[in-house]
Amino acid sequence: MNTPEPTSTANVPLENGQNMPQNAQENAHARPTLIGLDRDELGASLTKIGVKDKQVRMRVEQLWNGLYARGLTHFDELHTISKELRQKLTENYTIERPQIVTEQRSNDGTRKWLLRFKSDIPGKPGPEAEMVYIPEETRGTLCISSQVGCTLNCRFCHTGTMPLVRNLSAEEIVGQVMLARDRLGDWPLIEADDKNGLPDSKRMITRLVLMGMGEPLYNFDHVKKASILLSDDAGINLSHRRITLSTAGVVPMMARAGAEIGCMLAVSLHATNDKLRDELVPINRKYPLKQLMQACRDYPGLSNARRITFEYVMLDGINDSLEDAKALVQLLKGIPAKINLIPFNPWPDSPYQCSKWAQIERFADIINDAGYASPIRRPRGRDIMAACGQLKSESERISNRERKALLGE
Ligand code: SAH
């Protein structure tokens with residue numbers, strides 16, 4: 001199958017000064033960010049610029065509300081604090097989001113942004129990753145990245161063809177959501193005195209999935225910190241139940257994800273036997289199916305109301321036979337599960353073809369008949385290469401030696 005040309009793509013002009021000139025960005029980046037900090041860290045940042053101890057807690061809450069409930073983009077918009085403090089904040093800190101390099105709109109309403117994060121090396125552009133927003137009738141899903149690049153090398157995944165550049169920090173993970181809210185006009189509290197905010201039915205982003213670039217469980221600490229912040233009900237307020245973390249099966253971290261983050265879990269399964277899974281999802285050689293399925297059975301909080309989503313990419317003639325479907329049912333026995341069948345999304349030179357539609361439906365029927373929900377994920381945003389596994393950026397990894405040479409170490 002050929003990837004359609006992105007002819008219907010519209011590059012949308014940027015507002016809000018988000019496309020800042022490069023040197024303004026660099027200056028801003030010299031100042032530490034307040035995004036991604038927990039309340040204690042935020043308090044310490046305020047103490048540093050002279051806020052008195054007994055005022056710190058109140059100021060933290062004011063900032064928290066401004067940053068995460070109202071989405072302010074400049075400290076000057078924070079009218080609940082004095083002009084003097086606003087000035088000090090502006091001089092010492094930044095609340096800038098990642099930079100938008102391009103913004104594309106698919107003919108089905110899907111939006112894709114190429115984002116640039118902070119550069120680690122002066123004079124070199126920062127690493128880039130993509131973020132996708134998928135609107136549906138009654139909800140909207142934002143798909144964000146946890147790493148730039150990936151180490152997993154899944155055979156059918158485009159992101160897997162690029163090396164890991166680096167982990168994204170908690171700031172950068174939270175920053176993605178803030179940027180999407182900026183661009184979608186999705187901040188719940190528009191006015192400072194608005195207590196109720198946008199009703200749920202008007203929210204654009206109702207679900208967050210860590211299904212962009214990277215393996216979130218290989219960046220556990222930052223993902224955990226970001227998720228806790230994102231679910232805070234005095235701020236961005238996307239509860240843990242609305243955040244889904246997708247893993248290819250980093251078994252030792254799965255229990256911790258359930259216990260410490262408490263988000264919903266998706267597992268990229270794609271095969272029902274080790275021989276095939278070793279090939280498609282090479283991390284299986286390290287953590288084979290038996291261990292993976294046990295970790296799923298043990299996932300904290302697992303219940304019929306909190307089922308695990310198993311993702312299964314449909315590859316023509318590879319994993320899509322009716323025997324495979326029956327084996328899948330066997331494998332999942334006893335696990336509260338939903339199976340998400342993902343039609344394979346092609347990318348240039350990809351080694352596989354998508355299964356025939358009729359075959360996907362037959363496959364889904366077998367799983368359905370066994371009592372599992374098995375929605376077929378409608379491909380979205382294919383015309384702008386925004387569908388699952390199509391994300392890739394040109395960012396290259398910089399070797400340690402090169403990094404040291406550039407930094408003069
Ligand atoms: N590393 C995590 C997060 C990536 S999520 C994980 O593996 O779960 C991206 C999802 O899209 C995964 O289920 C992945 O296996 C799937 N995917 C990757 N490439 C794809 C492609 N070309 N077509 C359809 N799905 C794909």
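Side chains are part of it too, since the values below use all heavy atoms of this structure and drop only hydrogens, waters and symmetry mates.
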Is there a donor in the side chain of [X] and an acceptor in the side chain of [Y], or the other way round, less than 3.5 Å apart?
| X | Y | result |
| --- | --- | --- |
| Asp232 | Asn237 | no |
| Gln359 | Asp320 | no |
| Gln294 | Arg297 | no |
| Ser374 | Asn368 | yes |
| Ser146 | Glu215 | no |
| Arg31 | Thr94 | no |
| Thr33 | Glu96 | no |
| Ser231 | His240 | yes |
| Asn284 | Asp278 | yes |
| Asn65 | Glu61 | no |

From CA spacing to verdict: side-chain contact (heavy atoms from CB on, under 4.5 Å), Leu292, Arg277 | CA-CA 12 Å; Leu292 176 61; Arg277 198 164 190 272; 3.6 Å; yes
Passes side-chain contact (heavy atoms from CB on, under 4.5 Å), Leu315 versus Gln353? Steps please.
-> CA-CA 6 Å; Leu315 304 170; Gln353 306 276 314; over 6 Å; no
Using every non-hydrogen atom in the two residues, find where [X] and [Y] come nearest and quote the distance to one decimal.
| X | Y | result |
| --- | --- | --- |
| Ala373 | Arg307 | CB-NH1, 4.2 Å |
| Val174 | Ile35 | CG1-CG2, 4.0 Å |
| Thr272 | Leu331 | CA-CD2, 4.1 Å |
| Ile95 | Phe75 | CG2-CZ, 3.6 Å |
| Trp347 | Asn345 | CD1-O, 3.5 Å |
| Phe363 | Ala325 | CE1-N, 3.5 Å |

Sidechain N-carboxylate O distance under 4.0 Å for [X], [Y]:
| X | Y | result |
| --- | --- | --- |
| Lys112 | Glu103 | no |
| Glu172 | Lys118 | no |
| Lys225 | Asp38 | no |

Nearest 0.5 angstrom please: [X] [atom1] to [Y] [atom2], how far?
| X | Y | atom1 | atom2 | value |
| --- | --- | --- | --- | --- |
| Ile308 | Thr247 | CD1 | OG1 | 11.0 Å |
| Leu142 | Leu238 | CG | CG | 9.0 Å |
| Ile283 | Asn153 | CD1 | CG | 11.0 Å |
| Ile243 | Met264 | CD1 | CE | 11.5 Å |
| Asn273 | Glu323 | CG | CD | 12.5 Å |
| His79 | Leu72 | NE2 | CG | 9.0 Å |

Between [X] and [Y], is there a donor-acceptor pair closer than 3.5 Å when you use the side chain of the first and the backbone of the second?
| X | Y | result |
| --- | --- | --- |
| Thr47 | Gly43 | yes |
| Ser227 | Val223 | yes |
| Tyr133 | Met204 | yes |
| Thr141 | Arg207 | no |
| Arg242 | Thr206 | yes |
| Arg181 | Asp186 | yes |
| Glu77 | Thr73 | yes |
| Ser45 | Glu41 | yes |
| Arg86 | Ile81 | yes |
| His270 | Val313 | yes |

Is there a side-chain contact between [X] and [Y] (heavy atoms, below 4.5 Å)?
| X | Y | value |
| --- | --- | --- |
| Lys224 | Leu245 | no |
| Pro343 | Ile360 | yes |
| Leu152 | Val281 | no |
| Tyr299 | Arg306 | no |
| Trp64 | Leu229 | yes |
| Leu168 | Ser145 | yes |
| Leu89 | Leu85 | yes |
| Tyr312 | Asn340 | no |

Dump the intermediate steps for side chain to side chain donor-acceptor pair (under 3.5 Å) on Gln147 and Asn219, then the final yes or no.
-> CA-CA 7 Å; Gln147 300 182 312; Asn219 185 17; 5.9 Å; no
I would like to know whether Glu136 and Arg139 meet salt bridge (charged side-chain N to carboxylate O under 4.0 Å, His left out); could you show each step before the answer?
-> CA-CA 5 Å; Glu136 284 168 89; Arg139 64 179 193 191; 3.4 Å; yes
Check the pair Gln176 / Met131 against side-chain contact (heavy atoms from CB on, under 4.5 Å), numbers first and verdict last.
-> CA-CA 8 Å; Gln176 291 174 68; Met131 169 170 81; 3.6 Å; yes
Crowding at CD, Glu91 (>12 non-hydrogen neighbours, <6.0 Å) |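 Buried by this count: over 12 neighbours within 6.0 Å.
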Is atom CD of Gln87 surrounded by more than 12 heavy atoms (other residues, nucleotides or ligands) closer than 6.0 Å?
->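 It does not: Gln87 CD has 12 such atoms or fewer within range.
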Kindly indicate, with the supporting measurements, whether the criterion side-chain contact (heavy atoms from CB on, under 4.5 Å) is fulfilled by Ser268 and Ser246.
-> CA-CA 7 Å; Ser268 294; Ser246 178; 3.6 Å; yes
Verdict with reasoning, Asp182 to Arg97, per salt bridge (charged side-chain N to carboxylate O under 4.0 Å, His left out) | CA-CA 10 Å; Asp182 294 344; Arg97 288 57 162 146; 2.8 Å; yes
Give the ring-plane orientation class for Phe344 versus Tyr352, where under 30° counts as parallel, over 60° as perpendicular and anything between as tilted.
->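 Phe344 vs Tyr352 ring planes: perpendicular.
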